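To start, the structure under review is shown below, and the notes come after it.
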Amino acid sequence: MSETNPSSKKTASSKVLKLAGVKGMNDLLPQDAYRWEFVERTVLSLAKSYGYQNIRTPIVEHTEVFQRGIGEVTDIVEKEMYSFEDRLNGEQLTLRPEGTAAVVRAVIEQNLLYEGPKRLFYIGPMFRHERPQRGRYRQFHQFGVEALGFAGPDVDAEIILMCARLWDDLGLQGLRLELNSLGNEQERKLHRAALVTYFESHQAALDEDSKRRLLTNPLRILDTKNPMMQDLVTAAPKLIDYLGKESLDHFEMVQFLLKANNLPFRINPRLVRGLDYYNFTVFEWVTDQLGSQGTVAGGGRYDPLIERMGGKATPACGWAMGIERVIELMKEQGLGGDEPAVCDVYMVHAGGQTLEPSFVLAEQLRSAGVDVLVHASPDGLVPSFKSQMKKADASGALYAVIIGEDELVQKQAQIKDLRGTGAQSTVSFDMVFDQVIERLVSGSDER
Ligand code: ATP
Ligand code: MG
């Protein structure tokens with residue numbers, strides 16, 4: 001019987017098991033959050049400076065949104081999606097693996113393009129069932145822009161220049177722009193035929209994935225990461241040699257505008273991107289500093305997509321950036337600075353009656369835009385000033401304001417400079433607010 005089994009007794013009395021997070025899905029801890037906030041602030045102001053507006057779609061969509069919006073024969077739809085059946089109504093749902101398909105679904109459903117073209121951006125988590133490794137996670141985050149309803153190459157150039165400005169704003173260096181044109185459907189068809197003939201004559205050199213793609217989506221063979229196939233792929237027929245006048249003109253105008261803004265780039269004929277609805281311009285921003293996960297952002301023009309998703313035929317282009325990879329790169333390059341202070345002012349008090357003036361002052365300071373932390377202890381008791389001062393110091397605050405029993409009687413507070421001279425002065429209650437503000441202002445002039 002189990003009751004007499006000593007090991008089961010032990011289990012019953014042992015601690016409750018800790019729960020683990022899902023593999024490949026990370027917690028973002030406070031010591032890293034400030035870098036994320038910096039990136040988030042930077043992309044928000046970038047979007048604003050180009051006139052792009054925020055759109056927020058749900059995390060979950062009908063699976064069909066991504067099947068149609070990304071294409072059946074893609075890594076994402078074939079093997080990376082988190083899809084499930086809604087137990088209550090049997091709907092097939094998917095955690096969004098990328099932003100574009102969902103934005104396009106929303107824009108069509110909400111008739112957003114009725115008033116004319118739209119410049120939009122989104123930011124948020126995406127989900128892909130991939131093998132977790134550095135720079136590759138199962139929940140990751142993207143910032144992306146979509147320019148919907150513009151056919152010209154000027155907008156391709158605009159969204160690329162936007163990326164370049166973002167790297168500048170973040171202080172990132174060494175990101176290279178790779179560019180290609182996928183032409184139109186007719187040109188891709190001709191190229192595809194040449195590609196199939198070429199790869200068929202080299203069947204023996206193809207890996208399993210490529211043999212399968214030869215039948216489904218031969219262009220994607222060019223995208224292979226298999227080192228054994230690199231020579232074969234380099235010598236394959238190039239799409240750019242199949243482009244007609246319209247496609248070439250479009251591509252040249254993009255390049256012209258990039259050059260006019262002194263933005264260097266490399267034309268990479270093997271750049272095909274993962275999705276099969278891209279046309280004309282495609283691009284990626286890559287770095288050597290992140291190992292094999294070196295693509296930080298990618299995008300291009302996808303004129304056929306909106307119609308394919310049930311909307312009125314509308315040209316469009318966009319890009320998406322992986323925030324984790326950007327943050328990794330910032331760390332590599334020592335960017336993002338030191339962890340900021342938790343607060344500007346740390347309130348040290350003696351509990352009881354001293355809480356009242358401490359709380360009132362803290363609220364006044366917060367109303368004036370000062371970040372204030374009022375000491376609190378896990379046990380609800382009030383520790384010695386010495387131990388509170390240690391906490392004040394560790395918080396990174398510039399000043400501690402101290403209101404003890406004696407101070408309360410005298411209606412005074414102490415202001416202690418925690419970063420500079422260490423000087424401490426006694427100030428009456430009615431002056432303490434002004435004094436703290438004055439010090440913060442003059443201190444920030446010096447800094
Ligand atoms: P990769 O070739 O690295 O798989 P991708 O072509 O699948 O990238 P996109 O769908 O173009 O990537 O997504 C745009 C960006 O999002 C990528 O350049 C990358 O920075 C980021 N990204 C994509 N998948 C992941 C992931 N699993 N984990 C972290 N970031 C990712
Ligand atoms: Mg991928």
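It should be emphasised that the depicted structure is a prediction, and the values quoted were computed from it without experimental measurement. Nothing fancy with the numbering, it's 1 onward along the sequence. Atoms within a ligand are numbered from 1 in the order they appear, just like the ligands themselves.
- The distance criterion of under 3.5 Å between nitrogen or oxygen atoms is not met by A320 with respect to ligand 1.
- No donor-acceptor distance shorter than 3.5 angstrom exists from the side chain of E178 to the backbone of L271, with no hydrogens or angles considered.
- Within 6.0 Å of the CD atom in E85, the count of heavy atoms belonging to other residues, nucleotides or ligands exceeds 12.
- A distance below 6.0 Å separates the ring centres of F121 and F143.
- For ligand 1, the polar-atom distance check finds an N/O of T295 within less than 3.5 Å of one of the ligand's N/O atoms.
- With a heavy-atom cut-off of 4.0 Å, D75 does not touch ligand 1 at all.
- Residue M126 places no heavy atom under 4.0 Å from ligand 1.
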Does Y242 form a side chain to side chain donor-acceptor pair (under 3.5 Å) with R188? I'd like the steps, not just the answer.
CA-CA 8 Å; Y242 290 79; R188 277 201 303 282; over 6 Å; no

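- Heavy-atom contacts of A297 reach the following atoms of ligand 1: 18 (O) (cutoff under 4.0 Å).
- Checked by distance only, ligand 1 and G322 come closer than 3.5 Å through their nitrogen or oxygen atoms.
- Taking distance alone, with nitrogen or oxygen atoms compared against 3.5 Å, Q142 approaches ligand 1 more closely than that limit.
- Below 30°, between 30° and 60°, or above 60°: for Y82 and F127 the angle between ring planes is above 60°, a perpendicular geometry.
- Applying the 4.0 Å criterion to heavy atoms of V296 picks out, from ligand 1, the atoms 18 (O), 20 (O).
- Remark: aromatic rings of W167 and W285 are close, center separation under 6.0 Å.
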